[in-house]
Amino acid sequence: MVLFLLCTISIIEVFSASSMLSYKGGNYWSPIIKHAGTIVFGMVLTVLVLHIDCRYFKLATILMLFISGVTILYALVWGKAENDASRWIGMAGFQFQPSEMAKGALVLATAQILSAMQTENGAEERTMKRILQLTLPFIFFIALENLSTAMLIFMVICMMMFIGHVPIRQLGKLMGVIMIGALIILGLIWVVGDDGEEDSKQKLTEKTTAVTEANASEKPKTLSWPEKLFHRAGTWKGRIKSFLDSKEVPPEEYDLANNLQVGYANIAIASSHIVGKMPGNSEARDYLPQAFSDFIYAIIIEEMGIWGAVIVAMLYIILLFQSGRIAARCVNKFPAFLVMGLALLMVTQALSNMAVAVGLVPVTGQPLPLVSKGGSSTVFSCIYIGAILSVSRSAKQITTVTENRKRKEEEEGDEKIDGQ
């Protein structure tokens with residue numbers, strides 16, 4: 001039901017928020033037909049995956065890690081650039097984002113390591129070392145083009161290790177290293193990054209479609225490896241500075257040209273007037289970049305009001321709560337860790353998207369799972385839901401068998417007592 005409701009909200013709100021896509025493409029129905037087709041395809045995959053016994057998911061770990069690693073490296077070198085980041089691979093007219101598969105692959109691998117190294121007193125001492133040895137190389141290469149996704153994956157893996165009873169002493173040391181590493185990375189961004197580039201990129205969005213197409217047809221500039229490593233530093237620095245700038249600015253002096261996303265997201269939320277404008281009546285969607293993706297939660301608040309925002313947030317909370325109940329029914333450790341990892345992945349990403357939309361954290365570019373328009377994100381989110389349902393199905397069968405066995409033993413005991 002959570003999957004169905006989120007997908008229904010997605011179709012309604014993406015249809016409303018895709019006004020600019022409809023205008024540029026000259027076809028009013030094209031964006032929503034494509035998005036609805038992606039959702040239907042994702043739901044078909046959900047049904048297929050939920051009928052796979054969860055024990056077979058272990059067999060897919062190595063294959064998924066291999067494909068993820070190869071495609072991430074390919075995207076770094078030859079990937080399609082979008083929003084100044086080479087995150088996409090074009091295949092047969094479709095775009096594929098390797099990091100979406102990597103999320104599930106790393107959660108799957110972490111769940112397998114945690115389950116294999118459990119003892120009566122929790123996880124073995126070597127558990128965290130094994131997990132970090134496997135996951136950190138993937139996270140590093142993802143971070144070069146998509147820092148927020150890398151941080152999201154690492155956060156989920158840390159939560160999985162906490163749930164998997166990795167020694168608190170080790171987790172505490174890891175948190176200390178993370179804080180030191182974060183300060184070093186922030187310092188490098190501040191030194192290397194040129195936030196003036198961010199302003200110029202945002203101003204370029206005001207150019208005509210003809211000029212944009214002409215620039216896109218030019219041969220892209222080849223970056224050296226040092227430039228490749230730090231070419232996103234300016235974007236990260238600009239976003240952090242914009243978020244930390246707490247100076248009060250009168251509305252008439254606010255620079256929308258250089259703060260387009262944050263500005264129109266705030267306008268969308270402020271103009272909702274609590275009750276909302278009702279679906280289809282958004283005004284900010286015509287000016288807000290990525291209104292149908294990164295900032296769709298702001299459009300949901302504008303059109304559906306606070307009640308709509310609360311309903312969407314509650315659906316993700318229900319997803320996490322139900323996943324916890326499924327994990328509690330699991331007899332084996334692997335399916336329990338897998339369910340919690342996948343649920344934490346989607347819920348944490350959803351909270352990140354919502355926090356960006358309402359201005360609690362800097363802009364990250366994370367879509368809202370199962371709601372935002374996006375092929376890779378929607379398809380893999382549906383696959384993850386299918387995996388959770390598969391574990392639920394297996395756990396329910398095991399629970400039924402156990403209950404029947406207990407009932408039979410109780411009946412046999414009663415017969416012996418009656419016989420005596």
Side-chain angles (χ1 to χ4, degrees), residues 9-32 34-35 82-85 195 197-213 215-216 235 238-239 241-243 245 247-306 308-309 312 353-368 371-374:
I9 293 171
S10 175
I11 291 175
I12 294 171
E13 292 302 322
V14 168
F15 189 33
S16 175
S18 299
S19 59
M20 289 304 296
L21 291 179
S22 301
Y23 175 74
K24 291 178 179 179
N27 189 329
Y28 186 69
W29 292 101
S30 177
I32 193 58
K34 183 178 179 181
H35 180 61
E82 185 166 322
N83 296 329
D84 194 42
D195 55 316
E197 292 179 1
E198 180 74 1
D199 296 339
S200 62
K201 290 171 200 163
Q202 292 176 340
K203 291 177 182 178
L204 283 174
T205 58
E206 300 177 2
K207 290 187 176 183
T208 61
T209 305
V211 173
T212 303
E213 292 176 351
N215 290 337
T235 301
R239 288 175 174 176
K241 287 183 67 176
S242 177
F243 175 75
D245 186 9
K247 180 182 177 182
E248 288 287 341
V249 181
E252 62 274 8
E253 298 179 8
Y254 191 86
D255 187 5
L256 274 176
N258 291 331
N259 298 280
L260 204 59
Q261 290 180 316
V262 176
Y264 276 107
N266 291 337
I267 291 173
I269 295 171
S271 61
S272 67
H273 300 303
I274 307 298
V275 296
K277 299 177 179 179
M278 297 295 107
N281 295 322
S282 170
E283 297 178 10
R285 65 187 176 188
D286 297 328
Y287 309 97
L288 177 59
Q290 301 296 320
F292 49 83
S293 179
D294 300 349
F295 283 86
I296 195 168
Y297 194 63
I299 303 301
I300 291 174
I301 297 175
E302 182 185 12
E303 295 190 343
M304 301 174 65
I306 299 299
V312 172
N353 177 279
M354 296 177 192
V356 168
V358 300
L360 293 179
V361 297
V363 178
T364 61
Q366 289 296 319
L368 190 59
V371 177
S372 294
K373 184 180 185 298

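In this text, all values refer to a predicted model and were calculated from it rather than measured experimentally.
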Chemist: Hey, what do you get for NE2 (His273) to CD (Glu302), rounding to the nearest 0.5 Å?
Modeler: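 Here the interatomic distance stands at 9.5 Å.
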Chemist: Checking Asn353 side chain against Asp294 main chain: does a donor-acceptor pair fall under 3.5 Å?
Modeler: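 Yes, Asn353 side chain to Asp294 backbone: donor-acceptor pair under 3.5 Å.
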Chemist: In Å, rounded to the nearest 0.5 Å, how long is the span from CE of Met304 to CD1 of Ile299?
Modeler: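 Spacing of CE (Met304) from CD1 (Ile299) equals 12.5 Å.
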Chemist: Tell me every residue that passes side chain to side chain contact (heavy atoms under 4.5 Å, CB included) with Ala298, counting only those two or more places apart in sequence or in another chain.
Modeler: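 With sequence neighbours excluded, Ala298 shows a side chain to side chain contact (heavy atoms under 4.5 Å, CB included) to Ala265, Ala268, Ile269, Ala357, given in chain and number order.
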Chemist: Could you give the distance from OG (Ser10) to CD1 (Ile300), rounded to the nearest 0.5 Å?
Modeler: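 So the gap between those two atoms works out to 8.0 Å.
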Chemist: Report yes or no: does Arg285 contribute a side-chain atom to a donor-acceptor pair with the main-chain N or O of Gly280 at less than 3.5 Å?
Modeler: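 Yes, Arg285 side chain to Gly280 backbone: donor-acceptor pair under 3.5 Å.
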Chemist: Is there a donor-acceptor pair closer than 3.5 Å between any side-chain N or O of Tyr264 and the backbone N or O of Pro289?
Modeler: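 Flag not set: sc Tyr264 to bb Pro289 has no pair under 3.5 Å.
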Chemist: Run the numbers on Val356 and Phe295 for side-chain contact (heavy atoms from CB on, under 4.5 Å), then give the verdict.
Modeler: CA-CA 8 Å; Val356 168; Phe295 283 86; 4.0 Å; yes
Chemist: Verify side-chain hydrogen bond (donor to acceptor under 3.5 Å, both in side chains) between Glu283 and Ser271, making sure each step is shown before the conclusion.
Modeler: CA-CA 9 Å; Glu283 297 178 10; Ser271 61; over 6 Å; no
Chemist: Nearest heavy-atom pair of Ala284 and Ser282: which atoms, and what distance?
Modeler: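 Minimum heavy-atom contact is N-OG, 3.5 Å.
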Chemist: Return the CD1 to CZ distance between Ile32 and Phe15, rounded to the nearest 0.5 Å.
Modeler: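 Reported to 0.5 Å precision, the distance equals 6.5 Å.
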Chemist: Considering the options Ile274, Val358, Ile296, which one meets the side-chain contact (heavy atoms from CB on, under 4.5 Å) requirement together with Ile301?
Modeler: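 Exactly one pass, corresponding to Val358.
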Chemist: State, yes or no, whether a side-chain contact exists between Met354 and Val312 at a heavy-atom distance under 4.5 Å.
Modeler: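 They are in side-chain contact.
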Chemist: Look only at the side chain of Glu13 and the backbone of Pro279, and say whether a donor-acceptor pair between them is shorter than 3.5 Å.
Modeler: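 No, Glu13 side chain to Pro279 backbone: no donor-acceptor pair under 3.5 Å.
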Chemist: Which residues pass the side chain to side chain contact (heavy atoms under 4.5 Å, CB included) test with Ala355, not counting sequence neighbours?
Modeler: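 Only Leu360, Val361 meet the side chain to side chain contact (heavy atoms under 4.5 Å, CB included) criterion with Ala355.
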